[in-house]
Amino acid sequence: MKDGESKYAYKKKSAWELFSKPQITTAFTFAEGYKTFLNEAKTEREAIHVIAEAAKKQKKKIVVNREKSAAIVIKGKKPVRDGLRIVISHIDSPRLDLKQVPLYQDSESHLALFETHYYGGIKKFQWVVIPLALHGVIVKKDGKKITFALGEDDRDPVFSVPDLLPHLSHDIQDNKKLDEAIKAESLDVVIGSLPAKGDFKEKIKAAILEKLHADYDITEQDFISAELEAVPAFKARDMGFDRSLIGAYGQDDRICAYAALQAILDIKNPEHTVLSLFVDKEEIGSEGNASAQATSFLRSLIREQDANVDIDSVLLKSKMISADVSSAVTPNYTDAFELKNASSLGNGIVMSKFTGHGGKYSANDASAEYIAEIRALLDRAKVPWQTGELGKVDKGGGGTVAKYFSRLGMEVVDLGAPVLSMHSPYEVASKADLYSSYLAYLAFLKS
Ligand code: MN
Ligand code: MN
């Protein structure tokens with residue numbers, strides 16, 4: 001009782017203090033692979049590609065859907081009709097997407113730019129004046145696909161959204177509300193300034209088109225069938241004197257995706273058939289044919305395991321972890337959180353009974369029975385964990401993919417790493433929480 005609390009009280013503890021010395025060393029080593037993953041997988045397509053390569057290397061069965069979602073499957077000792085153990089994470093992150101007719105020359109500033117449409121929930125002012133890389137695919141009319149990633153190599157050029165200098169922004173920006181100071185249509189990316197030789201109306205645009213044609217064999221119309229994303233050109237880095245944290249773009253939700261990937265790669269002969277699902281489009285409401293709501297993908301995976309099984313009854317007996325990040329208590333803004341129920345960096349993986357917003361609207365509210373089961377499982381496996389919620393009641397909120405699967409009748413709970421500065425170009429996570437997430441998913445998939 002040296003901390004002056006009853007032994008019956010619930011107290012959050014630091015994962016760093018719960019881990020043994022060798023575990024701390026392992027957590028740091030684990031983070032090295034994670035940083036490489038973040039640098040190689042900045043888009044949903046790249047993430048699926050890296051995940052598929054890792055699975056193939058370890059001779060694991062992977063099914064890829066449209067380059068944007070995938071599942072690693074391992075058959076269990078028990079029959080499929082006894083239900084599955086599924087960990088689902090999403091591999092898309094907020095960013096600036098290029099529009100379908102993106103290229104223009106601004107004659108006043110003498111620059112060529114790309115029009116963008118932001119993807120997911122962003123604070124627009126965070127996306128100006130940072131180095132951006134362009135990633136994605138361009139599909140030509142004949143089906144030929146050009147894969148694009150420019151701005152990652154130190155010798156590559158980068159791109160950027162310009163902002164007004166402080167000397168001139170007083171009336172135009174400074175006295176406006178934060179979310180009105182930068183307009184969505186002002187998030188255009190500078191891509192060049194050299195004029196072409198010749199008699200063109202717009203010489204800079206003409207020069208860019210000539211360069212794009214020479215380098216990539218594309219015309220302006222090819223952008224219409226392209227998916228190009230401007231993402232922060234930053235590399236994942238250790239953060240802090242003690243190197244306990246990681247600063248990087250796209251940790252929501254690739255921190256959970258990486259932990260889930262490593263967990264299933266380390267599973268042999270599981271009791272139940274296990275699945276690690278990686279899905280796209282979570283950040284825009286899980287719409288589309290590679291999202292969590294495209295449950296035909298899961299159904300087809302189950303049927304592939306056992307053609308005679310009744311899929312609905314398998315779904316009813318299945319258990320899932322919705323592996324998505326939670327908001328960590330943010331220094332200087334602790335007022336936004338109800339601190340007894342908020343999660344903090346370094347206290348382990350976060351269990352959120354429910355998500356949604358005011359009045360638990362739109363939430364998957366996991367049952368007390370299932371929470372008890374997961375809590376016992378985590379304690380048995382000595383995994384550091386904490387509870388969490390997405391800010392004060394009626395002050396915010398957010399959803400995950402959990403609700404789409406609980407609707408199918410399975411048990412689902414949200415369990416993921418806490419992240420600081422979520423949805424910003426530079427999110428921060430703890431190495432202890434990353435490793436706790438891996439341990440949690442591993443214990444669950446083995447159950
Ligand atoms: Mn997320
Ligand atoms: Mn998110």
Exercise for review: Spell out, as yes or no, whether a donor-acceptor pair under 3.5 Å connects the side chain of Lys235 to the backbone of Glu152.
Suggested key: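 Yes.
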Review point. Does the Glu427 side chain pair with the main chain of His423, one donor and one acceptor, at a distance under 3.5 Å?
Key: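 Pair found, side chain donor or acceptor close to backbone of His423.
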Would you mind reporting whether [Y] and [X] have side-chain heavy atoms less than 4.5 Å apart?
{"X": "Val350", "Y": "Ser352", "result": "yes"}
{"X": "Val428", "Y": "Met239", "result": "yes"}
{"X": "Ile349", "Y": "Tyr441", "result": "yes"}
{"X": "Tyr258", "Y": "Gln251", "result": "no"}
{"X": "Asp188", "Y": "Asp106", "result": "no"}

Check your understanding: Does Asp365 pair with Lys353 as a salt bridge, N-O distance under 4.0 Å?
Key ->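 Yes.
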Exercise for review: Decide, yes or no, whether a salt bridge links Arg45 with Glu67 under the criterion of side-chain N to carboxylate O below 4.0 Å.
Suggested key: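 Result for this pair is yes, salt bridge flagged.
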**Study point:** salt bridge (Lys or Arg N to Asp or Glu O under 4.0 Å) partners of Glu229, counting only residues at least two apart
**Key:**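 For Glu229 the salt bridge (Lys or Arg N to Asp or Glu O under 4.0 Å) partners, ignoring immediate neighbours, are Arg95.
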Check your understanding: What class does the angle between the rings of Trp16 and Phe28 fall in, given that below 30° is parallel, 30 to 60° is tilted and above 60° is perpendicular?
Key ->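 Judged by the thresholds at 30° and 60°, the geometry between Trp16 and Phe28 is tilted.
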Review point. Once the angle between the rings of Phe30 and Tyr438 is folded into 0 to 90°, is it parallel (under 30°), tilted (30 to 60°) or perpendicular (over 60°)?
Key: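 Taking Tyr438 first and then Phe30, their aromatic rings sit tilted (interplane angle of 30° to 60°).
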Point to revise | Check against ring pair (Phe, Tyr, Trp, His ring centres under 6.0 Å), Phe114 and Phe159 | key: CA-CA 10 Å; Phe114 276 154; Phe159 308 88; 7.3 Å; no
